[in-house]
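Okay, structure first, notes after.
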Amino acid sequence: MCALCGVLGGSDHWTDATARPGVFTRNADSLERRRERARRVTVANRILTHYGMRLSDWQGTAFMLSTLTGKTEMVENLTHLWTTAEKLSGRACDPLDPALLSRLDAASV
Amino acid sequence: MSDAIPQFTPVTLITGFLGSGKTTLLQRLLADPALADTAVLINEFGEVGLDHHLLERIDERTVLLQSGCLCCTIRGELSDAIRDLHSRRARGEIPPFRRLAIETTGLADPFPVLTTLHAEPVLKHHFRLGSVITTVDAVNGVAQLERFPESLKQAAIADRLVVTKSDIAAPNAVWALLGRLRALNPAASIVFSAAASLDAEALLSGSAFAGGTHSEAVSAWFAEAAEAHGHHGHTHDPNRHGSDIHAFAIVLDQPLDWTAFGIWLTMLLNRHGEAVLRVKGILDIGGEAAPVAVHGVQHLVHAPVHMQAWPDHERRSRIVFIVKGLERAVIERSLASFMALNGSAEAAAA
């Protein structure tokens with residue numbers, strides 16, 4: 001736990017697993033961990049823009065999710081991200097939604 | 001604490017519909033000297049617990065949970081019971097056990113039990129899910145799968161299916177059941193409890209991807225899925241049946257981007273976790289020499305495992321889904337869009 005802000009560490013989400021023998025993770029060293037978080041923010045924002053939201057890293061321990069109107073919530077991991085995104089946007093964030101996929105495909109060209 | 005106690009004690013969940021032979025199987029497994037170091041938790045639905053008497057092994061490592069069905073009313077009691085076993089073992093009050101078996105009630109949904117193990121703050125540091133074993137009765141199994149969604153889900157979620165009562169069932173009934181089980185859950189290995197060669201140790205030990213050392217088991221898992229669906233999965237869909245649960249495999253020739261895959265799967269499971277009964281994959285991740293195995297049950301995904309080698313020297317990603325009501329083509333298209341997204345994101349950042 002961070003003594004200053006009381007943030008609990010070690011969420012052990014599967015995309016962020018604690019480094020231990022046999023487990024695949026990019027949490028093994030701090031540089032790779034930060035790099036992965038930056039990549040995650042970049043990729044997530046390509047999707048979140050469809051819902052009018054934006055993600056940013058917060059202190060390397062959590063993420064901040066904001067709407068265009070400024071509503072902001074902290075999220076701990078990717079699972080928490082999508083439940084919070086649905087709550088803030090009032091929309092279902094569905095990766096199978098053809099409208100979302102068409103937009104992603106257009107952006108990828 | 002004894003050296004014999006593993007860092008993570010594997011937990012095997014034994015489930016199966018009412019009367020499908022869970023207790024008989026457990027009784028047989030526990031009689032095997034190789035499994036003498038197994039603690040047992042039995043959940044019974046009803047006023048008077050009986051199964052623990054049937055087991056004929058009443059000791060301090062056998063615990064009965066009988067105040068309700070494990071999946072809905074007594075999850076707190078479940079975690080308390082496991083924690084209690086753990087602390088008594090650590091204090092040396094009970095003989096050390098190296099694995100734990102949990103027998104659920106016949107109507108239980110196995111998923112909440114898995115979640116308890118995965119999420120409970122103490123348990124998750126000392127126990128890990130081994131495998132889910134589901135018993136299916138050869139005499140009544142086909143009818144139960146048709147009529148009871150609980151039975152269907154128990155079979156779909158299994159790592160290992162044990163067909164019971166095959167010695168008293170008509171051969172046609174056994175074949176019909178096998179066909180149904182293969183279609184429903186091509187990923188699970190199927191064994192017969194009547195077989196004299198039933199290997200108790202192999203059945204109860206390990207997990208599908210534990211430690212990345214069981215490449216043969218993983219290979220078999222995917223070989224069966226591939227056989228059922230065509231090599232690239234572009235053939236017919238034989239897994240359609242009365243229910244809308246079906247299984248399919250997606251094969252990807254290009255290396256996967258781990259970041260985009262993580263975002264995609266968490267987003268999919270957040271929205272459709274109830275419908276994704278199982279997802280299991282061997283992934284060829286960009287920048288990684290060895291394959292990475294992922295294994296999820298509904299909303300729950302286990303820590304990805306770094307495997308030691310490609311099981312069949314075929315270096316490409318294979319992901320098997322067992323889903324309820326979701327279309328394969330839609331999932332495939334979605335994954336492809338997300339994978340392409342990463343390339344464009346990196347290009348934009350450059």
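Just so it is clear, the model here is predicted, and its values are computed rather than measured.
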Quick check: closest heavy atoms across A:Tyr51 and B:Met267, and the distance to 0.1 Å?
OH-CE, 3.7 Å
Name the member of A:Leu96, A:Val23, A:Leu100 that forms the most heavy-atom pairs with chain B at distances under 4.5 Å.
A:Leu96
Out of A:Leu101, A:Thr25, A:Thr15, A:Thr79, return the one with the most heavy atom pairs under 4.5 angstrom to chain B.
A:Leu101
Given side chains that start at C-beta, do those of B:Val294 and A:Phe24 come closer than 4.5 Å, heavy atoms only?
no
Checking B:His299 against chain A: side chain, backbone, both or neither under 4.5 Å from a heavy atom?
neither
Taking the side chain as every heavy atom from C-beta outward, state whether B:Arg271 and A:Asp97 have any pair of such atoms under 4.5 Å apart.
no
If the contact rule is any heavy atom under 4.5 Å from chain B, which residues of residues 26-33 of chain A qualify, in numerical order?
A:Arg26
Close contacts, residues 81-93 of chain A versus chain B, judged by heavy atoms under 4.5 Å:
A:Trp82, A:Thr83, A:Glu86, A:Ala92, A:Cys93
Is it the case that over 12 heavy atoms from other parts of the model lie below 6.0 angstrom from the CD atom of B:Glu288?
yes
Residues two or more places apart in sequence or in another chain: which of them pass side-chain contact (heavy atoms from CB on, under 4.5 Å) with B:Pro291?
B:Ile282, B:Met307, B:Trp310
So CZ of A:Arg40 and CD1 of B:Ile263: to nearest 0.5 Å the spacing works out to 7.0 Å
If you count heavy atoms of other groups shown closer than 6.0 angstrom to CZ of B:Arg333, is the number above 12?
yes
Are B:Phe338 and A:Ile47 packed together at the side-chain level, in the sense that at least one heavy-atom pair is separated by less than 4.5 angstrom?
yes
Counting only non-hydrogen atoms closer than 4.5 Å, does B:Leu300 touch chain A with its backbone (N, CA, C, O), its side chain (CB onward), both, or neither?
neither
Residues at least two apart in sequence or cross-chain that pass side-chain contact (heavy atoms from CB on, under 4.5 Å) with B:Ser87, listed by chain then number, are B:Asp84, B:Arg91
Given that the side chain runs from C-beta out, which part of B:Val301 has a heavy atom under 4.5 Å from chain A: side chain, backbone, both or neither?
both
What's the shortest heavy-atom distance between A:Glu36 and B:Trp258, and which atoms?
OE2-CD1, 3.8 Å
Most heavy-atom pairs under 4.5 angstrom with chain A, which of B:Pro304, B:Ala336, B:Gly296, B:Ala303?
B:Pro304
Less than 4.5 Å apart, any side-chain heavy atom of A:Arg37 and any of B:Thr259?
no
Counting only N and O atoms by type, is there a donor-acceptor contact under 3.5 Å from the side chain of B:Ser334 to the main-chain atoms of A:Pro95?
yes
